[in-house]
Amino acid sequence: EVQLQASGGGLVQPGGSLRLSCTVPAFTFNHYDIGWFRQAPGKERERVSFIDNPSNKEYYVDSVKGRFTISEDVSKKTSYLQMNDLRLEDTAVYYCAAGTLSTVDSDWSIQPDYWGQGTQVTVSS
């Protein structure tokens, strides 16, 4: 069983920052694209950001561009999602995932093969 371990969620005020972390088993980290989804209350799960392996090209959903940054520490087999200027609408359970990116021009999609447990991010004043 592949286990991705996500952490770093919490409660933050609008405009604040959080950094999520996800540790990934080595084989999965080396052979899949790693990234993040989120699911807000009453909404469908949506993709947020992924990094292509091995090009390291970053992909973001439009609503987080310029505010969120995805990165990886290869030595630690860990994915990070730095979230700045958080908004109320960023409140959601965030899930790390591993899969294979599909790209067409500037658009992208992913069907994850593996999921981590969620970590709650709450943005509230």
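Please read these numbers as outputs of a predicted model, since none were measured by experiment.
Separation of atoms OG1 (Thr100) and CG (Asp113) is listed at 5.5 Å; rounding is to 0.5 Å. Note that the CD1 atom of Ile70 and the OG atom of Ser79 stand 4.5 Å from one another [nearest 0.5 Å]. Within the model, atoms OG1 of Thr28 and CD1 of Ile34 stand 6.5 Å from one another, a figure rounded to the nearest 0.5 Å.
Side-chain atoms of Gln117 come within 3.5 Å of backbone N or O of Ala6 as a donor-acceptor pair. The closest donor-acceptor contact from the side chain of Lys43 to the backbone of Ala40 lies at 3.5 Å or more, if one exists at all.
In this structure the side chain of Trp115 reaches within 4.5 angstrom of the side chain of Phe37, judged on heavy atoms. Using a 4.5 Å heavy-atom threshold, the side chains of Tyr60 and Val48 count as separate.
Contacts of Ser125 classified as side chain to side chain donor-acceptor pair (under 3.5 Å), with partners at least two apart in sequence or in another chain: none. By the side chain to side chain contact (heavy atoms under 4.5 Å, CB included) test, Asn53 is found to be paired with Asp33, residues two or more places apart in sequence or in another chain being considered. Residues satisfying the side chain to side chain donor-acceptor pair (under 3.5 Å) test with Ser49, not counting sequence neighbours, are none. Residues passing the side chain to side chain contact (heavy atoms under 4.5 Å, CB included) test with Val104, sequence neighbours excluded: none. By the side chain to side chain donor-acceptor pair (under 3.5 Å) test, Ser17 is found to be paired with Asn84, residues two or more places apart in sequence or in another chain being considered. Applying the salt bridge (Lys or Arg N to Asp or Glu O under 4.0 Å) rule to Lys57 yields no partners; only residues at least two apart in sequence or on another chain are considered. The side chain to side chain contact (heavy atoms under 4.5 Å, CB included) check on Thr103 picks up Tyr59, Trp108, with sequence neighbours excluded. For the salt bridge (Lys or Arg N to Asp or Glu O under 4.0 Å) test, residues two or more places apart in sequence or in another chain that qualify with Asp107 are Arg47. Qualifying salt bridge (Lys or Arg N to Asp or Glu O under 4.0 Å) partners for Glu58, counting only residues two or more places apart in sequence or in other chains: none. With sequence neighbours left out, the side chain to side chain contact (heavy atoms under 4.5 Å, CB included) criterion links Thr23 to Gln5, Thr78. Annotation: side chain to side chain donor-acceptor pair (under 3.5 Å) contacts of Thr122 (sequence neighbours excluded): Gln120.
Connection of Ile51 to Met83 is established within a shared hydrophobic cluster, with ILVMFWY side chains joined at heavy-atom distances below 4.5 Å, either directly or through further cluster members. Residues Tyr114 and Trp36 do not share a hydrophobic cluster, defined by chaining ILVMFWY side chains whose heavy atoms lie under 4.5 Å apart. Tracing side-chain contacts under 4.5 Å through hydrophobic residues (I, L, V, M, F, W, Y), one reaches Leu20 starting from Val123; they form part of the same cluster. Tyr32 and Leu4 fall within a single hydrophobic cluster, where Ile, Leu, Val, Met, Phe, Trp and Tyr are joined by side-chain heavy atoms under 4.5 Å apart, directly or via other members.
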> Do Leu101 and Ser109 pass the side chain to side chain contact (heavy atoms under 4.5 Å, CB included) test, and can you show the C-alpha distance, the side-chain angles, and the key distance before you say yes or no?
Replying inline: CA-CA 6 Å; Leu101 280 163; Ser109 63; over 6 Å; no

> For Phe68 and Leu86, what are the C-alpha separation, side-chain angles and deciding distance, and is it a side chain to side chain contact (heavy atoms under 4.5 Å, CB included)?
Replying inline: CA-CA 9 Å; Phe68 290 13; Leu86 282 160; 3.9 Å; yes

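Here the shortest heavy-atom pairing between Gly9 and Thr119 reads N-OG1, 3.1 Å. Of all heavy-atom pairs spanning Pro14 and Leu88, the tightest one is CG-CD2, 3.9 Å. Between Leu11 and Ser124, the closest heavy-atom pair is CD1-CB, 4.1 Å. Scanning all heavy atoms of the two residues, the minimum distance from Ser75 to Asp73 falls at OG-OD1, 2.5 Å. Scanning all heavy atoms of the two residues, the minimum distance from Val93 to Gly118 falls at CG1-CA, 3.6 Å.
For residues 87-97, every residue pair satisfying the side chain to side chain donor-acceptor pair (under 3.5 Å) rule, not counting sequence neighbours, is listed here: Arg38-Asp90, Arg38-Tyr94, Arg67-Asp90.
Note that Arg19 lies in the cation-pi zone of Tyr80, set by a 6.0 Å cut-off to the ring centre and a 45° limit from the axis.
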